[in-house]
Amino acid sequence: MSFDTIYNALDVDKSIAKDRDYFIIACSRGQGSFRPGTGKGRGENAAITMDRKSDILFGNSKDTDHFLNPYRYDKAIPKPVFACSDAHKLDDIGIKYTWVKADTTFMGLQQAVYHPSERVYIGAIPPKLDKVNQNKSAYIKSIFIRTDNKSVKHIWFDCEIFLNPGLIAIIGNKGSGKSALSDIIGHLCQCKTINDYASFLNCNRFRKSPEKLANEYNGSLKWTDDKSQSQTLAEVNYDTTIEGAQYLPQKYIEKVCNDLNDEFQQEIDNVIFSYIDVTEKDGAKNLKELISRKSKVFESKILEIKEELREINRSIVECESRLIPSYKKTIDEDLKKRKSDLERHLTNKPKEVIKPKETEDVEYTKKLEGVNSNILKLQKSIDTNRALLKDINEKMQKAKDLKEKAINIIDSIDKFNMFLDFVIKDLALEKETFNIKCFFSTETITSIIDPLEKKKQDLLVLLRSVDQDIEKKSLCSQKKEFEKKRTDLISTADIKEKEYQKYLQDLEKWELLKKNILGDDKTLNTISYLESEIKNVAEIYPSEYEELKASRIKKIKEIYNQKRKKADVYVELYKPIETTIEKILGKSKENIRFEINFLFKDKNIITKIMDSTNLRISGKFQGKEKASNTLTALIKQTDCNDVVSVEKFFNEILSDIYDDLENSSKKISNKEDYYNLLSSLDYIDIEYNLRMGATTLEELSPGEKGMLLLVFYLALNKGESPLIIDQPEDNLDNQSIFRTLVPVICEAKKRRQVIIVTHNPNIAIACDAEQIIYSHMDKINNKITCESGSIENPKMLEHIMDVLEGTVPAFDLRTLKYLLRNRV
């Protein structure tokens, strides 16, 4: 008899196959199997036909993945593989195991066929059962609720419920006590959310005064390791204990998802942080702190670059002040004036007086020569010491700058070495190999500065003015005394000698004034300086200006690159999370993903720019409305994820200055601060957006936020304690529940015990709950009772149909209508 003959007979003869209460089992291996020939693979037509018409396959663990694969052929259905003992002797019995998670009934076997990946396992022990055995303290074994007061008017609770370590769905009609049970479990696990968000154990219901019914009832939890904990339902100690479970009451989810502040984001961050392996947390207490620690080196570098930028901007402002047309016009006019002064001075040269014939007064001549010689020597000494003082001041400033920079560098090295000491043992490094040593001696610099300082003070004493020199020891005072002696000596000479000496003194002063007018290229407002400055304006400053602007752009890009490295920290943290969610949910139009973008985070940047700008001056930003519109347009045009676009934004803002340097100081009151504001890029920063499809976090509805929060809790939270959720489906459509919530619930129940209060069949049935708890309340006696069983339990199936599907007739009618519509 062929396989098709059997299949067709069962399919046609309804007396044999009433309600399809049978399964067709085929051997995929061994004698009588449909295993194709060598090299042909399981894609052979005969094998596909046998596969398609079989409900259960006999095989081994190697066949499991193949028959669970829905893509092994077109429209394939995942099917369970059972390993039979194939025992040929008594000793072979018990070597091969097939675990079936179901009631030991035909309906239980049916459920195993409908959910093969969840309910059938070939091997020594199923992973979930093995996980429970290894961590029994994380799974609730049973809950017991009762009162010892026999005089209470109504017995609200008197029940003991054993709990499955997998998914438990608590169902019941409205007001049946479903949330009461979840609240009590959360209370006994000391969950902090009970305090403010419990819908049953609160001061307006079961704890309401004056009855305070909660005082009369005790609850007890027993864990799988047989440890018990008990307390009254009125006792409140949620803030002082470690939670035994995580409880998400309905009110809590609504509160978080409707919050207009950062509570929802904070909750998401908390789940993300819990997902990160403890080995990666670096001692951080939350996600923000972890990101800060991982980004610290980049932030430090940014501060260093910004300090360099301040120096560059200061130099740019100085350079711009020399490139404006009015500056060149000023120095041109100053040069003309100084040349005019020189011409006038040359015309005022003292009229030459012929030296008289040698006087017969030898003593007078000798004294005069001696006094003049002393005056000349003192003047040379004054000039020499002034030059020396200038040189000392320059050297001292360089030495002080060097010392200050050295101290900063040494301080940085010391900090690095301290950090090195902290990690050197963990990294198994040789300290002498990696320790940075600095041989720079600040004492040596100090030994240079101190003598220079002493020499400076000595020179200041020597060069004191006559008015300041009380002791008359300065060179100026000595010179003044000799000049007085010369005056007194000349007063004794004859008229011709007096005229000649007067001429010499006038000529000396005239030459000195001429020298001062000519000056040098370092002395302000002299002819040499102004001629040099005109040349610099024409030849040197423009190139210096462009080099400075290029240096500034380079530093801006360096800051941007450090921010990019900081963004990589976010990518490093979020990519595994995104991968995990994608693995569970697959790719769809509602896929959940992170987007890390650069954007204008400082919402006040337009105001800051406008506050720094004189809006009355003609230009790109003239007038408040025009300035605001122009800046808004520039920001919209800027792609902050592209450093070239950011550079363009910066240059566009400053083009109003570049194009009109003459009026730039009038437009910008403090250009140095303005440049520091724009070049720091403080207004551009990283923002990570959590998206569901094309919708950002801010754009999500409260219902979508609730689903997203549940996805994170179910898919990412690595906690192993029980997770209790009260009616997560509220505000969610059935399509989203089935497509998004069901897969993550199925994933979560593999890792932990999940207890969900629900009135949605997609959660209880599509997630293949291991246990259904039916809650019912006697409204007359206020008694809440609970029944427990599996989906395949006939009595529980009846409750499921009544509560979740609206009774069997209603379900049958919908099924009929769906089938009719499919035929049209």
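The residues of the chain are indexed from 1 along the displayed sequence.
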Could you report the tightest heavy-atom contact between Glu267 and Val256, atom names first, then the distance? CB-CG1, 4.2 Å
Please check if the side chain of Trp99 supplies one atom and the backbone of Ala124 the other of a donor-acceptor pair under 3.5 Å. yes
Take the angle between the ring planes of Tyr574 and Tyr570 and call it parallel below 30°, perpendicular above 60°, tilted in between. tilted
Keeping the roles fixed (side chain from Asp55, backbone from Ile24), state whether a donor-acceptor pair exists under 3.5 Å. yes
When you measure from the centre of the six-membered ring of Phe144, is the NZ or CZ of Lys222 under 6.0 Å away and within 45° of the axis? no
Hey, is the main chain of Leu714 close enough, under 3.5 Å, to the side chain of Arg752 for a donor-acceptor pair? no
Using the side-chain hydrogen bond (donor to acceptor under 3.5 Å, both in side chains) criterion, which residues pair with Gln753? Sequence neighbours excluded. none
Using the six-membered ring wherever Trp is involved, compare the ring planes of Phe200 and Phe157 and label them parallel, tilted or perpendicular (cut-offs 30° and 60°). perpendicular
Do Tyr275 and Phe712 make the cut of ring centroids closer than 6.0 angstrom? no
Smallest heavy-atom separation, Asn793 atom then Asp103 atom, equals N-OD2, 3.9 Å
Do you know the tightest heavy-atom contact between Glu280 and Leu290? O-CD1, 3.6 Å
Return yes if a side-chain donor-acceptor contact under 3.5 Å exists between Glu704 and Ser701, otherwise no. yes
Between Asn173 and Ser176, is there a donor-acceptor pair closer than 3.5 Å when you use the side chain of the first and the backbone of the second? no
Salt bridge or not between Glu254 and Lys251? Use side-chain N to carboxylate O under 4.0 Å. no
Chi angles and distances behind the side-chain hydrogen bond (donor to acceptor under 3.5 Å, both in side chains) call for Thr758, Glu729: CA-CA 7 Å; Thr758 183; Glu729 68 271 15; 3.1 Å; yes
More than 12 heavy atoms from other groups under 6.0 Å of CD1 on Ile125: yes
Return yes when atom OH of Tyr73 has more than 12 non-hydrogen atoms of other residues, nucleotides or ligands closer than 6.0 Å, and no otherwise. yes
Validation row: Leu109, Thr105 side chains within 4.5 angstrom (heavy atoms): no
side-chain hydrogen bond (donor to acceptor under 3.5 Å, both in side chains), that's the test. Do Asn135 and Ser137 meet it? Break it down for me. CA-CA 5 Å; Asn135 193 9; Ser137 63; 3.2 Å; yes
Cation-pi check, Lys705 onto Phe264 ring (under 6.0 Å, within 45° of axis): yes
Worked check of side-chain hydrogen bond (donor to acceptor under 3.5 Å, both in side chains) between Tyr114 and Glu792: CA-CA 11 Å; Tyr114 300 153; Glu792 55 265 29; over 6 Å; no
Can you check salt bridge (charged side-chain N to carboxylate O under 4.0 Å, His left out) on Glu747 and Lys750, steps first, answer last? CA-CA 6 Å; Glu747 185 65 26; Lys750 296 176 185 177; 3.6 Å; yes
Looking only at heavy atoms, what is the nearest atom pair of Ser117 and Leu68, with distance? N-CD2, 3.8 Å
Heavy-atom check, side chain of Ile773 versus side chain of Leu163, under 4.5 Å: yes
Give me the atom names and distance for the closest heavy-atom approach of Gln771 to Ile161. NE2-CG2, 4.3 Å
Between Asn734 and Asn760, does the side-chain hydrogen bond (donor to acceptor under 3.5 Å, both in side chains) criterion hold? Intermediate values first, please. CA-CA 8 Å; Asn734 276 322; Asn760 189 286; 2.7 Å; yes
When you measure from the side chain of Lys255 to the backbone of Tyr197, do you find a donor-acceptor pair of N or O atoms at a distance under 3.5 Å? no
At their closest point, which heavy atom of Glu118 faces which heavy atom of Glu770, and how far apart are they? OE1-OE2, 4.5 Å
For the residue pair Ser182 / Tyr247, report whether a side-chain donor-acceptor contact shorter than 3.5 Å exists. yes
Test log, rule ring pair (Phe, Tyr, Trp, His ring centres under 6.0 Å), inputs Phe106 and Phe23: CA-CA 10 Å; Phe106 185 78; Phe23 288 116; 5.2 Å; yes
